[in-house]
Colleague: 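Take this structure first; my questions come after.
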Amino acid sequence: MSALFDELPVILGAFWLTVRLTLATAVAALVLGTVLAAMRVSPLGVLRTVAATYVNALRNTPLTLVIVFCGLGLGLVLDVSFAESLSVNYLWLSIIGLSLYTAAFVCEAIRSGINTVPIGQAEAARALGLTFLQNLWHIVLPQAFRAVIAPLGSVLIALIKNTTIAAAIGVAEASLTMKSLFERHQEAVVPIFLGFALGFLVLTLPVGLLFGWLARRLAVAR
């Protein structure tokens, strides 16, 4: 247990990086996922095809491959750089990979919410002269988001756990830090593991409770 307390600043720093990685990815994935969902219900066949291809491709690709491609393919081969520091650059590259991957699941969650909106409301909006985007922004999406709060919460919980894949390109989030501590304190593997497991529980459990409460509070009456 002493090793766990001795390394507490390192552990808290790793979890803080996990939180930052999660928040940045969640915002980017929500924006991209919403755009993809709009494309999937667009009246233009080209947009529907592009969005469907993207979603199916990303959902069926292992996240590790996506992260490694962003880290090695973009970072090393294509020399994409966001900062002079290598660690900061890999952090941003991992955010890109996680965002591209998570957006596919956000898209499908939002699209399922769009499908719950009565078609008569969309037809009435068109009869009033609203364009597709106006109809989507003012009528459909507000109801769709309220209908899929719980599924979006599940996506966010999965994202928190998926941040551990960023260790594949050397981002020092919680899982990579745990591996490093295992190597330095082999006599305290079990306490360290339990400490990190508790840390992830502290991150994920409140998210599940919060989104469950929001889903009940903001449920759309049909």
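The first residue of the sequence shown is numbered 1, and numbering continues consecutively from there. Predicted model only: the values in this text are computed from it and were never measured.
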Colleague: Any link between F193 and L201 through a network of hydrophobic side chains (Ile, Leu, Val, Met, Phe, Trp, Tyr) touching at under 4.5 Å?
Modeller: no

Colleague: Out of curiosity, F15 CZ to F200 CZ, how far, rounded to the nearest 0.5 Å?
Modeller: 5.0 Å

Colleague: Quick one, L156 with L159, criterion side chain to side chain contact (heavy atoms under 4.5 Å, CB included). Give me CA distance, side-chain angles, the key distance, then yes/no.
Modeller: CA-CA 5 Å; L156 180 57; L159 170 61; 4.1 Å; yes

Colleague: Going by heavy atoms in the side chains, are L32 and Y54 under 4.5 Å from each other?
Modeller: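 Result yes, sub-4.5 Å side-chain heavy-atom pair found.
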
Colleague: A side-chain contact here means heavy atoms from C-beta on lying under 4.5 Å apart; do L30 and F145 qualify?
Modeller: yes

Colleague: Does R40 reach the side chain of R111, with side-chain heavy atoms less than 4.5 Å apart?
Modeller: yes

Colleague: With rounding to the nearest 0.5 angstrom, report the OG1 to CZ distance, T163 to R20.
Modeller: 12.5 Å

Colleague: Please report the interatomic distance CG(L214) to CZ(R146), rounded to the nearest 0.5 Å.
Modeller: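 So the gap between those two atoms works out to 11.5 Å.
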
Colleague: Walk me through it: do V19 and I160 pass the test side chain to side chain contact (heavy atoms under 4.5 Å, CB included)?
Modeller: CA-CA 8 Å; V19 170; I160 294 173; over 6 Å; no

Colleague: Would F211 and V202 show up in the same hydrophobic cluster when neighbours are defined by side-chain heavy atoms closer than 4.5 Å?
Modeller: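 Cluster IDs for F211 and V202 differ.
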
Colleague: Treating Ile, Leu, Val, Met, Phe, Trp and Tyr as nodes and any side-chain heavy-atom pair under 4.5 angstrom as an edge, say whether L91 and W16 lie in one connected cluster.
Modeller: yes

Colleague: After noting the C-alpha distance and the side-chain angles of L209 and L205, does the key distance pass the side chain to side chain contact (heavy atoms under 4.5 Å, CB included) rule?
Modeller: CA-CA 6 Å; L209 294 175; L205 186 58; 4.3 Å; yes

Colleague: Hey, does L203 have a side-chain heavy atom less than 4.5 Å from the side chain of I157?
Modeller: no

Colleague: Quick check for you: to the nearest 0.5 Å, what is the distance between L65 atom CG and L72 atom CG?
Modeller: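 Reported to 0.5 Å precision, the distance equals 11.0 Å.
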
Colleague: Of V68, I67, T61, which meets side-chain contact (heavy atoms from CB on, under 4.5 Å) against T64?
Modeller: V68

Colleague: With a 4.5 Å cut-off on side-chain heavy-atom distances among I, L, V, M, F, W and Y, is there a chain of contacts connecting L210 to V106?
Modeller: yes

Colleague: Can you tell me which residue among I110, V148, T102 is in a side-chain contact (heavy atoms from CB on, under 4.5 Å) with V155?
Modeller: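 So the option named by the test is T102.
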
Colleague: Quick check for you: to the nearest 0.5 Å, what is the distance between T164 atom OG1 and L21 atom CG?
Modeller: 10.0 Å

Colleague: Tell me which pairs pass ring-ring contact (aromatic ring centres under 6.0 Å, His included) where either residue lies in residues 93-136, with sequence neighbours left out.
Modeller: Y101-F105

Colleague: Say you draw a straight line from CG of L98 to CD1 of I165; how long is it, rounded to the nearest 0.5 Å?
Modeller: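 Result: 8.5 Å between the selected atoms.
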
Colleague: Verify the neighbour count for atom CD1 of I119: are there more than 12 heavy atoms of other residues, nucleotides or ligands below 6.0 Å?
Modeller: no

Colleague: Does L141 form a side chain to side chain contact (heavy atoms under 4.5 Å, CB included) with V117? I'd like the steps, not just the answer.
Modeller: CA-CA 9 Å; L141 283 181; V117 179; over 6 Å; no

